[in-house]
Amino acid sequence: EAQVTQNPRYLITVTGKKLTVTCSQNMNHEYMSWYRQDPGLGLRQIYYSMNVEVTDKGDVPEGYKVSRKEKRNFPLILESPSPNQTSLYFCASSSLLASSTDTQYFGPGTRLTVL
Amino acid sequence: QKEVEQNSGPLSVPEGAIASLNCTYSDRGSQSFFWYRQYSGKSPELIMSIYSNGDKEDGRFTAQLNKASQYVSLLIRDSQPSDSATYLCAVKTPRNFNKFYFGSGTKLNVKP
């Protein structure tokens, strides 16, 4: 089954404790992206990656890191989480083939609470 | 100014009616527009994409794009209670064609 998986689905942590949210896709997609969703603000792009070792900032990259060492994985790293990073996070992927570039497939989401 | 603006709703329509959802965008050069549906507690799923002025129909859904007025709309005909969800508008702008900008979404309630 074609899918994007994220782990963990729920996480409660404390300020300053480093954490990683994993994202994996099995569709051989080149493009992967991380979003956060907050009430009234919609989905905002944090980072995206066009392919292995190619990453770029989205609109709200501060406080986050990413890496793309393998095509299927795109982890989101919070080195020192703060309460304002409490949010719902989505990973997404899409193919860069011309016919399907714009269809993003989203993971199930990770609800993060930073105390 | 936000890249994409949507009325947060909720928009309530009776079952069988036409639901009309609207979205405006700020970058006049934008060329790619999308509608996503998001059920409560779930992830967004793409339901329509549109690139040219005019209408694009897919089943009960019609996307309408008016680049001169910088708005895109989604019509849902014969609305069903199962259409109750939040609808997100997204745009790609020429400033960075690899980035997606989402609106905050319009909540639709279809009443039986």
Side-chain angles (χ1 to χ4, degrees), chain A residues 2-7 9-10 21 23 25 27 29-51 54-61 66 68 74 87-96 98-111, chain B residues 1-10 21-27 30-52 56 58 61 63 65 72 85-108:
Chain A
Q3 61 182 353
V4 179
T5 57
Q6 293 178 229
N7 282 292
R9 294 289 313 280
Y10 303 91
V21 184
C23 173
Q25 51 93 4
M27 295 169 279
H29 286 167
E30 297 83 6
Y31 185 95
M32 297 185 75
S33 181
W34 275 103
Y35 297 88
R36 60 177 290 175
Q37 187 172 35
D38 303 289
L41 296 177
L43 280 165
R44 292 180 293 168
Q45 199 165 25
I46 303 171
Y47 270 95
Y48 64 93
S49 169
M50 301 293 289
N51 215 322
V54 181
T55 63
D56 207 348
K57 296 178 181 178
D59 289 319
V60 288
V66 293
R68 188 90 183 272
F74 190 44
S87 188
L88 178 59
Y89 291 86
F90 288 103
C91 180
S93 73
S94 65
S95 170
L96 291 179
S99 61
S100 55
T101 301
D102 295 326
T103 301
Q104 287 196 95
Y105 297 86
F106 283 82
T110 295
R111 188 166 292 280
Chain B
Q1 183 183 12
K2 288 184 179 180
E3 297 283 348
V4 181
E5 302 255 19
Q6 294 181 257
N7 187 317
S8 61
L21 305 160
N22 299 312
C23 167
T24 58
Y25 58 94
S26 61
D27 191 327
S30 299
Q31 298 185 17
S32 305
F33 308 88
F34 314 91
W35 282 101
Y36 285 80
R37 177 176 62 201
Q38 186 176 25
Y39 292 112
S40 181
K42 301 295 185 181
S43 53
E45 56 177 330
L46 181 69
I47 52 174
M48 293 283 286
S49 57
I50 186 167
Y51 305 95
S52 305
K56 179 181 178 182
D58 184 0
F61 298 95
L65 175 60
V72 57
T86 296
Y87 289 80
L88 304 171
C89 175
V91 173
K92 274 186 169 181
T93 77
R95 285 185 289 110
N96 187 335
F97 210 65
N98 297 318
K99 290 174 66 174
F100 290 82
Y101 294 94
F102 282 81
S104 55
T106 299
K107 186 173 176 60
L108 172 67

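Protein chains get the first letters and strands the later ones, always in sequence-line order, with residue 1 at the start of each. From a predicted model like this one, the values you see are computed outputs, not experimental measurements. Any value given below was found using the heavy atoms of this structure, including those in side chains, with hydrogens, waters and symmetry copies removed.
Both the backbone and the side chain of B:K99 come within contact range of chain A, with heavy atoms under 4.5 Å apart. Interface remark: B:Y51 contributes side-chain atoms only to the contact with chain A (heavy atom separation under 4.5 Å). Proximity to chain A is limited to the side chain of B:Q38, based on heavy atoms less than 4.5 angstrom apart. If you measure heavy-atom distances from A:Y105 to chain B, you find no contacts under 4.5 Å at all. With a 4.5 Å cut-off on non-hydrogen atoms, A:D38 does not touch chain B at all.
The distance from atom CD of A:Q37 to atom OG1 of B:T86, rounded to the nearest 0.5 Å, is 8.0 Å. To the nearest 0.5 Å, atom CG of residue A:L43 and atom CZ of residue B:F100 are 11.5 Å apart. Here A:R44 contributes atom CZ and B:S104 contributes atom OG; the two are 11.0 Å apart, rounded to the nearest 0.5 Å.
Contact detail for B:Y36 and A:Q104: the closest heavy-atom pair is OH-CB, 3.5 Å. Closest heavy-atom contact between A:G107 and B:S43: O-CB, 2.9 Å.
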